[in-house]
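See structure below.
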There are 2 protein chains.
Amino acid sequence: MKAEGADQIRQAFQQAGLRCTPQRYAMLQYLAAEPMHPTAEQILRAINRSDPRSSRATIYNNLHALTKAGMVSPVAVNSGPVRYEANRRHHHHFICEWCGELEDIAAREVAYHPRRSQLGGRVVEDFQIVFRGICEKCVQKPRHRGPVCAVTQRGAGSC
Amino acid sequence: MKAEGADQIRQAFQQAGLRCTPQRYAMLQYLAAEPMHPTAEQILRAINRSDPRSSRATIYNNLHALTKAGMVSPVAVNSGPVRYEANRRHHHHFICEWCGELEDIAAREVAYHPRRSQLGGRVVEDFQIVFRGICEKCVQKPRHRGPVCAVTQRGAGSC
DNA sequence: TTATCTGCAAACGCTTTGCATCGGA
DNA sequence: TCCGATGCAAAGCGTTTGCAGATAA
């Protein structure tokens with residue numbers, strides 16, 4: 001996904017009823033251009049690298065605001081710091097058990113398209129598949145170390 | 001799922017090459033009998049309610065040990081404290097966006113049984129579906145408060 | 001007997017919060 | 001102009017760690 005145009009970003013904030021501050025602008029631009037799933041800390045470092053000085057508190061405040069407005073989504077598929085992604089089309093996730101990397105899986109790669117919007121007496125509004133296994137990079141690398149810790153997601157790093 | 005027999009629990013530890021201490025025994029017994037997905041703190045409180053005095057550090061140590069041995073699994077589908085479950089058969093999860101409750105969904109309730117164990121160049125070893133929506137209890141209750149915060153999972157509690 | 005486990009307490013990492021100041025609309 | 005956003009610093013919560021003493025096998 002490419003970076004959005006300047007007007008597009010301003011407009012998005014307007015529609016959400018949020019002020020378009022330099023900090024928010026930088027955050028959304030970064031997240032929309034970024035194929036990774038950065039943590040709050042990574043977002044802070046990335047946007048402070050180029051221009052305005054954002055504070056940690058502002059990053060957290062705005063991640064909440066943007067989440068509430070539906071402009072970004074928290075990705076909480078493993079433990080550790082929460083990761084974020086700009087809202088793209090419906091997709092799933094893959095987690096490498098060796099290097100901990102988190103990748104997107106396009107919905108069309110998966111043959112599951114439930115028709116029912118119910119499950120027992122529950123109303124289902126969304127679903128998301130999390131695959132676990134070994135990523136492409138790790139498959140073709142010799143296994144230096146063991147897999148990452150299933151709880152902390154730390155302990156390896158061979159990718 | 002019912003509580004396991006005493007011998008069964010001792011045996012499980014033996015097979016894993018782990019000592020069967022009173023603390024570990026209580027933890028596994030509790031997790032095997034418990035249909036919830038308790039946090040470390042909840043496990044601590046639950047097992048200290050009945051018998052031996054376990055410490056917080058021991059709970060965390062053992063959750064790692066039991067996870068490494070494949071006897072319990074961390075459930076990290078939302079942010080906040082990590083939740084744990086004893087290893088049962090393959091299943092999925094449902095998260096209520098109103099009360100934050102986490103429920104199991106039996107695999108047979110879901111018509112997705114992928115044949116391939118690959119996804120691009122990746123090796124898939126496991127997958128897990130996370131459904132989001134409104135749980136049975138919340139569906140039939142008037143909506144007192146808004147949904148829980150998507151980041152912190154706090155802010156409601158109507159269930 | 002001894003490697004392993006426990007418990008305490010301190011430290012750590014991530015996140016939230018209170019409050020004074022600032023600035024976009 | 002003024003409500004909402006920012007930044008700082010301190011506190012909060014969940015978790016990890018080091019180490020001395022206890023204990024299952």
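Side-chain atoms are counted along with the backbone in the values below, which use heavy atoms only and exclude waters and symmetry mates. Note on naming: letters A, B, ... go to the chains in the order of the sequence lines (proteins, then strands), and numbering restarts at 1 for each one.
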[X] [atom1] to [N] [atom2]: how many Å, rounded?
X        : N      : atom1 : atom2 : result
A/Tyr25  : C/dG23 : OH    : C1'   : 19 Å
B/Ile43  : D/dT15 : CD1   : P     : 10 Å
A/Glu41  : C/dT16 : CD    : C1'   : 15 Å
A/Arg83  : C/dT15 : CZ    : P     : 10 Å
A/Lys68  : D/dG4  : NZ    : P     : 12 Å
A/Gln42  : C/dC14 : CD    : C1'   : 13 Å
A/Gln153 : C/dG13 : CD    : P     : 18 Å

(message) Counting only heavy atoms not in B/Arg108 (residues, nucleotides, ligands), do more than 12 fall under 6.0 Å from its CZ?
(response)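 For B/Arg108, atom CZ is not crowded (no more than 12 foreign heavy atoms under 6.0 Å).
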(message) More than 12 heavy atoms of other residues, nucleotides or ligands under 6.0 Å from CD of B/Gln14: yes or no?
(response)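 Not buried by this count: 12 neighbours or fewer within 6.0 Å.
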(request) Please tell me which of the listed nucleotides, C/dC5, C/dT15, D/dT15, lies nearest to the side chain of B/Arg24? (result)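 The listed nucleotide nearest to B/Arg24's side chain is C/dC5.
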Give a yes or no on whether the backbone of [Y] and the side-chain of [X] come within a donor-acceptor separation of less than 3.5 Å.
X        : Y        : value
B/Arg24  : B/Arg19  : yes
A/Asn87  : A/Gly70  : yes
B/Asp126 : A/Arg132 : no
A/His91  : A/Arg89  : yes

(message) Would you say A/Glu103 and A/His92 are linked by a side-chain donor-acceptor pair, where the criterion is simply a distance under 3.5 Å?
(response)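 Note: A/His92 and A/Glu103 side chains miss the donor-acceptor criterion.
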(message) With no hydrogens and no angle check, just 3.5 Å: does a side-chain donor-acceptor pair link B/Gln42 and B/His37?
(response)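 B/His37 and B/Gln42 do not have a side-chain donor-acceptor pair below 3.5 Å.
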(message) What does the B/S/- profile of nucleotides 20-25 of chain D look like, 5' to 3', with a 4.0 Å heavy-atom cutoff to protein?
(response) ---BBS
(request) Could you check whether B/Gln23 gets within reach of a base, just the sugar-phosphate, or nothing at all, counting any heavy atom under 4.0 Å? (result)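 B/Gln23: backbone/sugar contact only, no base atoms under 4.0 Å.
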(request) Scan A/Thr152 against the nucleic acid and name what it touches under 4.0 Å (heavy atoms): base, sugar-phosphate only, or nothing. (result)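 Sugar-phosphate: the residue A/Thr152, judged by heavy atoms under 4.0 Å, touches backbone atoms but no base.
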(request) Determine, using ring centers only, whether B/His93 and A/Phe127 are less than 6.0 Å apart. (result)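 No.
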(request) Using a strict 4.0 Å threshold on nitrogen-to-oxygen distance, state whether B/Lys137 and B/Glu101 make a salt bridge. (result)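 Not counted as a salt bridge, because no side-chain N and carboxylate O are separated by less than 4.0 Å.
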Dump the pairs, protein N or O against N or O of nucleotides 10-13 of chain D, anything under 3.5 Å, distances to one decimal.
none

(message) Using a 4.0 Å cut-off on heavy atoms, which residues in residues 47-65 of chain B reach DNA chain C? List them by number, or say none.
(response)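 Hits under 4.0 Å, by residue number: B/Arg53, B/Ser54, B/Ser55, B/Ala57, B/Thr58, B/Asn61, B/Asn62.
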(message) Under 4.5 Å between side-chain heavy atoms, counting indirect links through other Ile/Leu/Val/Met/Phe/Trp/Tyr residues: same cluster for A/Leu119 and A/Tyr112 or not?
(response)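 Linked, A/Leu119 and A/Tyr112 end up in one cluster.
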